[in-house]
Amino acid sequence: MIVTKQPLSSRRFLAVAQMLASVVSLQFGSSLAKSLFPIFGAVGVVSMRIGFAAILLAVIVRPFSRMTRDSWRLAAPYGLSMAGMNVCFYLALDRLPMGVTVAIEFIGPLLLSLSHSRRVLDIAWLALTVAGLTLLLYPHGGGKFPDPVGVFEAALSSVCWVLYIITGKRLAGRVDATIAAASGLFIGGLAMAPWFAATVVSGLSQPLWLGAGVLVAVLSSALPYTLECLVMKVLSGRDLGILYSLEPVAAACAGLLLLGEALSLQKALGIVCVVVASAGVVLNGQEEDILDPPP
């Protein structure tokens, strides 16, 4: 039997398709999660996302026999920052539209990338980021500022994302990417265990909605993480950075299609500014400046 390797172009095409599927799955999973807020609350939903995903990846990946004590020490801050990032993101999502929340959250890692560079062109990307943030937050046509608590929660999520990147890099230097994701989710799941247990118990009387919580965990965590692990073997950091920059657009589309969250032209332009700035940083940066994978 003769085994032939897939041509590189075919592998790249498949990897790009998988990455786009990961982005779409993540954002549509978050939109589905938002629809469950009236039933379980934002913290209850995020506890299901992390808890069910942790159980799924623990069964599939089995990280316990492949982690040393030192690795678990590195996994602890990684998992806690992951949990904090998701809790703050879902709390913000309860107050702000999907596209706006993701765009604000995306600014933290973008600024982290800019902080590693000293190129003059990066001043332009920073200015474009500020312009995008201004368009997202500044009222238009006599409107009101977005909910300040929601904006603060999205900003906290952005800070947690930066911590997630820093701690994730340290852990990824010690263990395989799939093991890192599984161990991080396990730590995050332990942190959310009281809320997870309470939510599951309350959901036993509503098995349909509890099943929707499992679907959120698959769409928002288990499936994207698995696809990203496959993609990282084929695409460069620069390719990944460009594709990740599409997340605010995917979030806006998911919010419109699943939640009916139509954005004004001003806010849509703000999201475009953030996307263009992140793509510009990626295209004009070095490999070490590229954004790391999101939650």
When you look at CH2 of W209, are more than 12 heavy atoms from neighbouring residues, nucleotides or ligands closer to it than 6.0 Å? no

Is V149 isolated, or which residues cluster with it under the ILVMFWY side-chain rule of less than 4.5 Å, directly or via members? none

Is it true that L36 and V214 fall in one hydrophobic cluster, defined by side-chain heavy atoms closer than 4.5 Å? yes

Are any side-chain N or O atoms of K34 and backbone N or O atoms of D94, one a donor and one an acceptor, separated by less than 3.5 Å? no

Evaluate S35 against L258 for side chain to side chain contact (heavy atoms under 4.5 Å, CB included), listing each step before the verdict. CA-CA 9 Å; S35 69; L258 296 185; over 6 Å; no

Smallest separation among heavy atoms of V102 and A251, with atom names: CG2-CB, 3.4 Å

Between A154 and I104 the two heavy atoms that sit nearest each other are CB-CG2, 3.7 Å

CD/Q27 to SG/C253 distance, rounded to the nearest 0.5 angstrom? 10.0 Å

Test L56 against V218 for side chain to side chain contact (heavy atoms under 4.5 Å, CB included), laying out the working first. CA-CA 8 Å; L56 285 170; V218 172; 3.8 Å; yes

4.5 Å side-chain heavy-atom contact, L263 and L256: no

Looking at side-chain heavy atoms only, is the closest gap between V200 and F52 below 4.5 Å? yes

Using distance alone, with no hydrogens and no angle criterion, decide if R49 and S221 have a side-chain donor and acceptor under 3.5 Å apart. yes

Under a 4.5 Å side-chain heavy-atom rule over Ile, Leu, Val, Met, Phe, Trp and Tyr, are L269 and V130 clustered together? no

Between CD1 on residue I187 and CE on residue M82, distance to nearest 0.5 Å: 10.0 Å

Can you tell me if T68 and S71 form a side-chain donor-acceptor pair at under 3.5 Å? yes

Side-chain heavy-atom pair R66, V175 within 4.5 angstrom cut-off: no

Shared ILVMFWY cluster between L163 and W72, side chains joined below 4.5 angstrom? no

Heavy-atom check, side chain of L257 versus side chain of F28, under 4.5 Å: yes

Can you name the nearest heavy-atom pair linking G29 to L219, along with the distance? CA-CB, 3.8 Å

To the nearest 0.5 angstrom, please state how far the CZ atom of F37 sits from the CZ atom of R95. 11.5 Å

When you group the ILVMFWY residues by side-chain heavy-atom contacts below 4.5 Å and let the links chain together, are M48 and L208 in the same group? no

Side chain to side chain contact (heavy atoms under 4.5 Å, CB included) between I50 and F186, worked out: CA-CA 8 Å; I50 294 175; F186 177 75; over 6 Å; no

Tell me whether S47 contacts the main-chain N or O of G44 through its side chain, where contact means a donor paired with an acceptor under 3.5 Å. yes

Please name the pair of heavy atoms, one in S31 and one in A254, separated by the smallest distance, quoted to 0.1 Å. OG-CB, 3.2 Å

All heavy atoms of I271 vs all of A103, minimum pair found to be CG1-CB, 4.2 Å

Donor-acceptor pair, S157 side chain versus M85 backbone, under 3.5 Å? yes

How long is the straight-line distance from CG of L80 back to CG of L190, given to the nearest 0.5 Å? 9.5 Å

What I want to find out is whether K267 reaches E261 closely enough, with some N-O distance under 4.0 Å, to be called a salt bridge. no

S220 to Y90 - nearest heavy-atom pair and separation: OG-OH, 4.0 Å

For L26, does its backbone N or O pair with a side-chain atom of S30 as donor and acceptor, under 3.5 Å? yes

Check for a donor-acceptor pair, side chain of Q18 on one end and backbone N or O of L227 on the other, with a separation under 3.5 Å. no

Distance col, row L265:CG vs L135:CG, nearest 0.5 angstrom, shows 9.5 Å

Report yes or no: do L156 and W161 belong to one cluster of Ile/Leu/Val/Met/Phe/Trp/Tyr joined by side chain heavy-atom distances under 4.5 Å? no

Value for CD1 (I179) from CZ (F64), rounded to nearest 0.5 Å, stands at 10.0 Å

Chi angles and distances behind the side chain to side chain contact (heavy atoms under 4.5 Å, CB included) call for L133, V274: CA-CA 8 Å; L133 189 59; V274 174; 6.0 Å; no

